Every structure is written in structure tokens, then in C-alpha cells.
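This one's a predicted model, so the numbers in the text were calculated from it and none came from an experiment. Hydrogens, waters and symmetry mates are skipped; everything else that's a heavy atom, side chains included, is used.
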Amino acid sequence: MLVYPSSIDLSSRTLRCLTGRLAARRGEIGTRWRRLTAGRQALLALAHLRCGDTYARLAAGFGIGIATVFHYIREAVEVLANLAPTLAEVMHIARTKAFVILDGTLLPIDRIAADTPYYSGKHKRHGMNIQVLTDPFGRLLWASPALPGSTHDLTAARTHGIVEALTEAGLKCWTDKAYQGAGGSIRVPFRGRHLKRWKRRHNITHAKIRCLGEQAMATLKGWRLLRKLRCSTNRITAIVQAVLALHHASA
């Protein structure tokens, strides 16, 4: 098998952060020896998360077995997921912002047609629903646990307690029409085809503010693993939280 050098579009700061966490983890569990150092394990995990490299390709590139790759990546994801901010922590930070933007996205998964709970009628594909909060400039603040793709955005927001958290924090939140009826501090555009002129102007202004939240979606999809997840749906929440932690570490 041919092996060639490649690159990962992440800073060395991100690699050092993950390396330090993995080294601390090894110290906690009393690891004496492993095939890869903490730094190499961190590099392997970043190649999987950022570039979407498969276990087989990583095993060949790092000279280890596929089972070892799986173990290393799963350990790194668990370490990182524990660093991701909770919704309560984000609300504390967001109080200093003028407002936040809430939006939902679908992370595609590899599922068959029979898996109805994971099929999104809106996107016409199988996936997992993720709710994302951003600041007024579109910078990613928080990503929710994953729910089946058939879950409506408003239902997901209520399930995660986002609406209540925003209302308690007194934060204004801009969203799209999917959150109609959320109440509290949620701001949605007017619905209908024949709107009055002032309502159309309001919707245009609303759209200009809300569209900045798309930058956070692009930030998430910049991690190529999230473009098509082929793992168990039970692991997707941890992967999203790991990506969120790495994003904040590199910011």
C-alpha cells in the first residue's frame, strides 16, 4: 500500500490542546505504553474528525491495526466531549451579547429507507437534527445533542430546553419560520404570501440578521466527518460535542 504525506487545515494550537488532554487521560488511567504517543494519537483523531479519513486509511498511515484506531478515536472523542460547554454555561456567556441566532441543521447519516425516525421530510434524506446557537456575528456558541432527523426544529428546541433557557436569560433570539409559536424571547418572521408592506420590510430585515447564523453551519460542515456520518447514531452526540470543543480550542 502506498502512503503519502497530507495536511490538516487546523492550527498547531488545536493539536497541542488535544495532546495535553490525552496525556492527562493516560496519566489518570495509568497507561504505561502504547503504540502511539499522545501527540500521534491526537493527530490521528484530528485527521478522522476534520478530514473524514476512514479507520482503514488511518491504520495504514499510522502503522497500527483498525481496532486500535477505533479505540484511539473513541477515547479522544470522549475526552473532547467532556470539554464542550453546556447550555447553561452558554447562556451565562450569551448574556453579554445583544442577541443570539438559533437554527437547526441535518447531519446526513448512512441509513436505509426503513429507518423512518431518521428520515427528514424537509431535507428528503436520513440524518440527525442538531440545534445551533450563534452570536450576532455568526460565531458558533453551542450545538445541541443529536435527535432523529424526523424531529421538527421547534420540537427539538423545546426538548433541549432552549426556549426556556433563552427566556430565563432574557435573551432575544432570531430564528426562521420553523420556530413559529415558540413564544418567549424567540423572534420569527411573518408568514403568508400577501403581507402588508411593513411586514415584508420586517421580514427582509429579519432575514439579514438571521442569515449570519449560516456561518455556524458552515463551521460545522467544515469538519468533513459531519458531512456523512457512518457510525452508530448513539455516538453522534459525542462527535458533535467533540467538534464543538475543538472549535472553541482553536478560536
Using modelled atom types only, decide if a donor and an acceptor are shared between the side chain of [X] and the backbone of [Y] within a distance under 3.5 Å.
X: Ser232; Y: Asn234; result: yes
X: Arg230; Y: Asp110; result: no
X: Ser250; Y: Leu246; result: yes
X: Thr151; Y: Leu147; result: no
X: Thr167; Y: Val163; result: yes

Taking the side chain as every heavy atom from C-beta outward, state whether [X] and [Y] have any atom pair closer than 4.5 Å.
X: Val188; Y: Gln180; answer: yes
X: Leu46; Y: Leu15; answer: yes
X: Arg227; Y: Pro108; answer: no
X: Arg21; Y: Leu80; answer: no
X: Thr19; Y: Gln41; answer: no
X: His71; Y: Arg34; answer: yes
X: Cys231; Y: Ile236; answer: yes
X: Arg40; Y: Thr37; answer: yes

When rounded to the nearest 0.5 angstrom, what is the spacing between [atom1] in [X] and [atom2] in [Y]?
X: Arg74; Y: Ile239; atom1: CZ; atom2: CD1; answer: 10.0 Å
X: Gln131; Y: Thr175; atom1: CD; atom2: OG1; answer: 10.0 Å
X: His160; Y: Leu102; atom1: NE2; atom2: CG; answer: 10.0 Å
X: Lys199; Y: His194; atom1: NZ; atom2: NE2; answer: 13.0 Å
X: Ile162; Y: Cys173; atom1: CD1; atom2: SG; answer: 8.5 Å
X: Ser185; Y: Glu168; atom1: OG; atom2: CD; answer: 10.5 Å

Would you please test Leu225 and Leu229 for side chain to side chain contact (heavy atoms under 4.5 Å, CB included) and show each step?
CA-CA 6 Å; Leu225 182 67; Leu229 289 155; 4.0 Å; yes
How close do [X] and [Y] get, counting heavy atoms only, and between which atoms?
X: Leu83; Y: Val79; value: CG-O, 3.6 Å
X: Tyr119; Y: Lys124; value: OH-CA, 3.3 Å
X: Ala156; Y: Asn129; value: CB-OD1, 3.6 Å
X: Thr86; Y: Trp142; value: C-NE1, 3.8 Å
X: Asp53; Y: His48; value: O-ND1, 2.8 Å
X: Cys51; Y: Ile8; value: SG-CG1, 4.0 Å

Is it true that [X] and [Y] fall in one hydrophobic cluster, defined by side-chain heavy atoms closer than 4.5 Å?
X: Leu212; Y: Val132; value: no
X: Ile93; Y: Leu171; value: no
X: Leu106; Y: Met217; value: no
X: Leu226; Y: Ile109; value: yes
X: Ile101; Y: Leu133; value: no

Going through the distances and angles, do Phe190 and His206 end up as a ring-ring contact (aromatic ring centres under 6.0 Å, His included)?
CA-CA 10 Å; Phe190 292 105; His206 188 283; 9.1 Å; no
Output, in order, the C-alpha distance, side-chain angles, deciding distance and verdict of side chain to side chain contact (heavy atoms under 4.5 Å, CB included) for Thr134 and Arg139.
CA-CA 5 Å; Thr134 70; Arg139 291 180 295 229; 5.9 Å; no
Can you confirm whether more than 12 heavy atoms, excluding those of Arg224, are under 6.0 Å from its CZ atom?
yes
Tell me if the CZ atom of Arg95 is crowded by more than 12 foreign heavy atoms within 6.0 Å.
yes
Determine, stepwise, if the pair Glu75 / Arg26 fulfils salt bridge (Lys or Arg N to Asp or Glu O under 4.0 Å).
CA-CA 10 Å; Glu75 182 181 46; Arg26 294 184 180 192; 5.2 Å; no
Only pairs at least two apart or in different chains count here, so list each salt bridge (Lys or Arg N to Asp or Glu O under 4.0 Å) that has a residue in residues 205-222.
none
Would you kindly say whether Thr205 and Arg201 are connected by a side-chain donor-acceptor distance under 3.5 Å?
no
Ile73 vs Leu58, test: side chain to side chain contact (heavy atoms under 4.5 Å, CB included). Steps then yes/no.
CA-CA 10 Å; Ile73 290 176; Leu58 292 170; 3.8 Å; yes
If you apply the rule side chain to side chain contact (heavy atoms under 4.5 Å, CB included), what do you find for Ser12 with Arg16, and how did you get there?
CA-CA 6 Å; Ser12 57; Arg16 290 195 301 270; 3.1 Å; yes
Please collect all ring pair (Phe, Tyr, Trp, His ring centres under 6.0 Å) contacts where either partner lies in residues 79-105, sequence neighbours excluded, each pair once.
Phe99-Trp174
ring-ring contact (aromatic ring centres under 6.0 Å, His included) evaluation trace for Tyr118 with His126:
CA-CA 5 Å; Tyr118 299 100; His126 292 82; 7.8 Å; no
